[in-house]
Amino acid sequence: MKRITARPLDADSFRPFGEVIESDNARSIRLINGGTTTRFHEVAPVEVGKGRAILSIFRGKPFAPPLAIRMMERHPLGSQAFVPLSPRPYLVVVAEDAGGRPGEPVAFLAEAGQGVSYPPGAWHHPLIALEAVSDFLVVDREGEGPNIEEYEFRDGFELVLA
Ligand SMILES: NC(=O)N[C@@H](O)C(=O)O
Ligand code: NI
């Protein structure tokens with residue numbers, strides 16, 4: 001299998017695939033609540049079309065690299081965001097669209113303070129927690145219509161940490 005190496009997650013590198021959820025990525029910054037709170041406004045959009053936006057908790061079992069990336073998925077009808085609730089890193093694996101299928105995966109190592117948001121139709125691998133069972137707040141779509149499309153790679157890729 002071809003080897004892919006995870007790189008540190010940063011907003012610019014991730015932009016072709018979605019948004020990094022962190023305060024630096026806000027559209028605007030506002031002091032609210034009498035100056036006691038800073039609002040980092042709209043770090044990412046939530047898109048649900050005719051569906052409903054919901055909040056869920058994902059409790060992910062940890063994976064131990066190297067790991068095989070054999071499939072990718074996407075949600076054509078809505079965005080999906082992951083915000084870590086546990087104090088540890090996790091892996092984010094995404095790919096550009098190549099004629100209706102994922103191109104070569106790109107892997108990022110996300111830190112505990114970083115979330116990610118995939119826009120509708122963005123190819124990504126299902127949640128990859130590391131080190132220990134980890135909780136994530138997930139914002140995505142509930143509603144009518146098929147909102148998951150999966151793609152199996154013929155050969156797969158071996159994902160390693162740097
Ligand atoms: N299937 C599901 O709810 N989870 C995946 O979409 C994922 O990206 O983890
Ligand atoms: Ni997903």
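Below, each value reflects all heavy atoms present in this structure, side chains not excepted, and no hydrogens, waters or symmetry copies. Numbering of ligands and ligand atoms starts at 1, following listing order.
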Quick one: table the atom pairs, ligand 1 N or O against protein N or O, below 3.5 Å, distance rounded to 0.1 Å.
from	atom 1	to	atom 2	distance (Å)
ligand 1	6 (O)	Glu73	OE2	2.5
ligand 1	6 (O)	His75	NE2	2.9
ligand 1	6 (O)	Gln80	OE1	3.2
ligand 1	6 (O)	Gln80	NE2	3.1
ligand 1	8 (O)	Glu73	OE2	2.9
ligand 1	8 (O)	Gln80	OE1	2.9
ligand 1	8 (O)	His124	NE2	3.1
ligand 1	9 (O)	Leu127	N	3.1

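The residues Lys2 and Glu104 are annotated as salt-bridged, a charged nitrogen and a carboxylate oxygen being separated by less than 4.0 angstrom.
Interatomic distance, OG1 of Thr5 versus CG of Leu109, reported as 12.0 Å (0.5 Å rounding).
Looking at His75, its side chain does come within 3.5 Å of a backbone N or O of Asn147 through a donor-acceptor pair.
With hydrogens and angles left out, the side-chain atoms of Thr36 and Asn33 include no donor and acceptor closer than 3.5 Å.
Ring planes of Phe82 and Phe136: perpendicular class, angle over 60° (limits at 30 and 60°).
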List the atom pairs, donor and acceptor, that lie under 3.5 Å between side-chain atoms in residues 153-162 and the rest of the protein, sequence neighbours left out.
from	atom 1	to	atom 2	distance (Å)
Glu158	OE1	Arg3	NE	2.9
Glu158	OE1	Arg3	NH2	3.0

All N/O donor-acceptor pairs, side-chain side in residues 47-63, below 3.5 Å, sequence neighbours left out:
from	atom 1	to	atom 2	distance (Å)
Arg59	NE	Asp135	OD1	2.7
Arg59	NE	Asp135	OD2	3.4
Arg59	NH2	Asp135	OD2	2.8

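The heavy-atom pair separating Glu22 from Gly113 by the smallest distance is CB-O, 4.4 Å.
A ring pair (Phe, Tyr, Trp, His ring centres under 6.0 Å) with His124 is found for one member of Tyr151, Tyr118, Phe108 and no other, namely Tyr118.
Here 4 is the count of protein N, O or S atoms positioned under 2.8 Å from the Ni ion (ligand 2), waters not counted.
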